Protein chains: 2
Amino acid sequence: MADISLTTRPDTHVPAARGEQIVPAPCWDLIELLFFAYRDFVGDPDEVLAKLGFGRAHHRVLHFVNRNPGMKVADLLDVLKITKQSLGRVLKQLIDDGYVVQREGDHDRRQRLLYVTPAGESLAMQLAGLQTARISRVLGELGSAERETVRRFLAGMIDAEDRERVLRMIARADRARPRRRDGAP
Amino acid sequence: MADISLTTRPDTHVPAARGEQIVPAPCWDLIELLFFAYRDFVGDPDEVLAKLGFGRAHHRVLHFVNRNPGMKVADLLDVLKITKQSLGRVLKQLIDDGYVVQREGDHDRRQRLLYVTPAGESLAMQLAGLQTARISRVLGELGSAERETVRRFLAGMIDAEDRERVLRMIARADRARPRRRDGAP
DNA sequence: CCATTATGTCAGCAGTATTGACATATTTCG
DNA sequence: CGAAATATGTCAATACTGCTGACATAATGG
């Protein structure tokens, strides 16, 4: 680790002395708020999933399959950035328990296209509902311009290489399943 | 990252039929943006930590000890919401590797007050720097009012019971170490 | 002295991730 | 056609991080 003299220069732009390394003051507040916010954000679904013998990994798979019906296994691996061995385990459980089904690709029979079952959609909607409730509680106190600020902030936090792909995926999924008002159990 | 066209879909309030359950439309975009944003947010530190044989858990411990020098083990357990057995493992590694030290409490010699070593502070600052760089890149494109919006959003996402405690901890740590801000997990 | 507190530790288990190797079916291309 | 590439599945071993339960040590406090 570098034995740099950590000179914190708050927003005031003071010229650096020779050889002195400028290190911007860490955003402690946002760093810690992100940690706590994310922990509680995934905490609600965790409780529901635990009762079904599932974990957070199952949630992610179910979520993206529900949002992108017919996606290939390879697509899922790309999005989740995990190995097929890791995916295989949770996917098998979701299939065995009747939340996800596979169908052969129409043009390429090697492919296994993934779809949620009605039970899978119901569960996915229930979990999304919990997270939406938490988000809506906050956004309700903010204006629409501020919601856009939050969206821009989160989008900007994504790695530049992935950002466009992620935003395209979100937009495409929105078009594909524009409105669902499912009654979650 | 200017040309983001995030589909802002206002919640379509469809009138409920008899006995039909009204469920607000899920905030798919924010749910997914939070997932990807957080993944990349913790991704940078993960790479550095892996080279030292550490994981994300070590990061969290190092972060909060650096931010709150002299905190008790019990305080850390409270903040991280894990068991002492889980903490013990990673804490022991950080101590053995010279990143954290323990000192007896002055008034209560049962307590083990935790402090980072110079190496620990250096590592904590390096990790916080990575996360700060990512955050600053985004905030640089936003105004200071928008930064406050982001802060309010994240704070609002925290469980109501914990929110005040977290915000107090952040404020207190800021006062205690005004010119040092470390990166949280 | 005794109950409580603060901490540490051992043993075992679960969930999620990894790498490496190998198998099977299918498509694509020379 | 036959070989290479692709999409997927699976077995085995390992790592990290969380959990519960049980027990130990030391210090505080009434």
Side-chain angles (χ1 to χ4, degrees), chain A residues 35 38-39 42-43 45-63 65 70-97 100-115, chain B residues 35 38-39 42-43 45-65 70-97 100-115 185:
Chain A
F35 166 67
Y38 192 79
R39 185 182 61 181
V42 294
D46 280 354
E47 291 176 27
V48 175
L49 292 157
K51 291 173 187 160
L52 298 171
F54 293 149
R56 205 168 293 176
H58 302 84
H59 186 190
R60 293 199 268 265
V61 171
L62 185 65
H63 172 95
V65 172
M71 74 189 305
K72 296 184 298 180
V73 169
D75 295 337
L76 204 42
L77 294 177
D78 254 19
V79 168
L80 299 178
K81 280 187 184 160
I82 59 175
T83 60
K84 63 179 173 180
Q85 293 90 332
S86 299
L87 174 60
R89 197 167 2 93
V90 299
L91 184 54
K92 187 178 188 310
Q93 289 176 273
L94 286 169
I95 291 171
D96 289 347
D97 290 10
V100 171
V101 290
Q102 290 178 316
R103 276 207 333 242
E104 276 187 353
D106 289 336
H107 304 321
D108 187 335
R109 291 191 316 179
R110 290 171 303 181
Q111 298 174 346
R112 301 298 150 86
L113 307 187
L114 303 171
Y115 299 86
Chain B
F35 166 69
Y38 191 79
R39 184 183 63 181
V42 293
D46 279 354
E47 291 177 27
V48 175
L49 292 157
K51 291 173 187 160
L52 299 171
F54 293 149
R56 205 168 292 175
H58 302 84
H59 186 191
R60 293 200 266 264
V61 171
L62 185 64
H63 171 94
F64 286 107
V65 172
M71 75 189 305
K72 296 184 298 179
V73 169
D75 295 336
L76 204 42
L77 293 178
D78 252 20
V79 168
L80 299 178
K81 280 185 184 162
I82 59 176
T83 60
K84 64 179 174 181
Q85 294 91 331
S86 298
L87 174 60
R89 208 175 9 212
V90 298
L91 184 55
K92 187 179 188 310
Q93 289 176 273
L94 286 169
I95 292 170
D96 289 347
D97 290 9
V100 171
V101 290
Q102 290 178 317
R103 280 212 322 250
E104 274 187 354
D106 288 338
H107 304 320
D108 187 336
R109 291 192 318 178
R110 290 172 303 182
Q111 297 174 346
R112 300 299 149 88
L113 307 187
L114 302 171
Y115 299 87

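First the proteins, then the strands, lettered A, B, ... as listed; each starts at 1. Note that this is a predicted model, so its numbers are computed, not measured.
If you measure from atom CG of Leu76(A) to atom P of dG9(D), you get 11 Å, rounded to the nearest angstrom. Residue Arg56(A) contributes atom CZ, which lies 14 Å from atom C1' of dA14(C) at whole-angstrom precision. Rounding to whole angstrom units, CD1 of residue Ile82(B) and P of dT7(C) are separated by 14 Å. The distance from atom CG of Leu80(A) to atom C1' of dT18(C) is 15 Å, rounded to the nearest whole Å. We find that CG of Asp96(B) is positioned 12 Å from P of dG8(C), with the value rounded to whole Å. In this structure, the CD atom of Gln93(A) is 11 Å from the C1' atom of dA14(C), given to the nearest Å. Taking atom CG of Leu52(B) as the reference point, atom P of dC16(D) lies 12 Å away to the nearest angstrom. For the pair Arg39(B) CZ and dA17(C) P, the computed distance is 11 Å after rounding to whole Å.
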### Task
Take Leu114(B) and Gln102(B) through the test side-chain contact (heavy atoms from CB on, under 4.5 Å) and record every step on the way to the result.
CA-CA 5 Å; Leu114(B) 302 171; Gln102(B) 290 178 317; 3.5 Å; yes

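Here Asp46(B) pairs with Val42(B), Leu49(B), Arg56(B) under the side chain to side chain contact (heavy atoms under 4.5 Å, CB included) rule; sequence neighbours left out. Asp97(A) meets the side chain to side chain contact (heavy atoms under 4.5 Å, CB included) test with Phe54(A), Tyr99(A); sequence neighbours excluded. Not counting sequence neighbours, Lys51(B) has no partner by the salt bridge (charged side-chain N to carboxylate O under 4.0 Å, His left out) test. Judged as a side chain to side chain donor-acceptor pair (under 3.5 Å), and not counting sequence neighbours, the contacts of Asp108(B) are Arg110(B). Applying the side chain to side chain donor-acceptor pair (under 3.5 Å) criterion to Arg109(A), with sequence neighbours excluded, gives no partner residue. With sequence neighbours excluded, the residues forming a side chain to side chain donor-acceptor pair (under 3.5 Å) with Arg103(A) are Tyr115(A), listed by chain and number.
Dashed line: the shortest gap from a side-chain N or O of Arg60(A) to OP1 or OP2 of dA17(C) is under 4.0 Å.
Ring geometry for Phe64(B) against Phe35(A) counts as tilted: the plane angle lies between 30° and 60°, on a 0 to 90° scale.
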Is there any protein nitrogen or oxygen under 3.5 Å from a nitrogen or oxygen in nucleotides 27-29 of chain D, and what are the pairs?
{"from": "dT28(D)", "atom 1": "OP1", "to": "Arg109(B)", "atom 2": "N", "distance (Å)": "3.4"}

Using the 3.5 Å cut-off, write out each protein N or O paired with an N or O of nucleotides 19-22 of chain C and the distance between them.
{"from": "dG20(C)", "atom 1": "O6", "to": "Gln85(A)", "atom 2": "NE2", "distance (Å)": "2.8"}

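Evaluation of atom-type donor-acceptor distances gives no pair under 3.5 Å for the side chain of Arg112(B) against the base of dA26(D). With hydrogens and angles ignored, a donor-acceptor pair under 3.5 angstrom links the side chain of Arg89(B) to the base of dG18(D).
Closest-nucleotide positions on DNA chain C for Leu87(A) and Gln102(B) were compared, and the one nearer the 5' end corresponds to Gln102(B).
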When the side chains of residues 84-95 of chain B are checked against the rest of the protein, which donor-acceptor pairs come out under 3.5 Å, sequence neighbours left out?
{"from": "Ser86(B)", "atom 1": "OG", "to": "Thr83(B)", "atom 2": "OG1", "distance (Å)": "3.1"}
{"from": "Lys92(B)", "atom 1": "NZ", "to": "Asp96(B)", "atom 2": "OD2", "distance (Å)": "2.9"}
{"from": "Gln93(B)", "atom 1": "OE1", "to": "His58(B)", "atom 2": "NE2", "distance (Å)": "3.0"}

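Among the heavy atoms of the strands lying under 4.0 Å from Lys72(A) are primed sugar atoms or P, OP1, OP2 only; no base atom is included. Within the 4.0 angstrom heavy-atom criterion, no nucleotide atom of any strand lies near Gly88(A).
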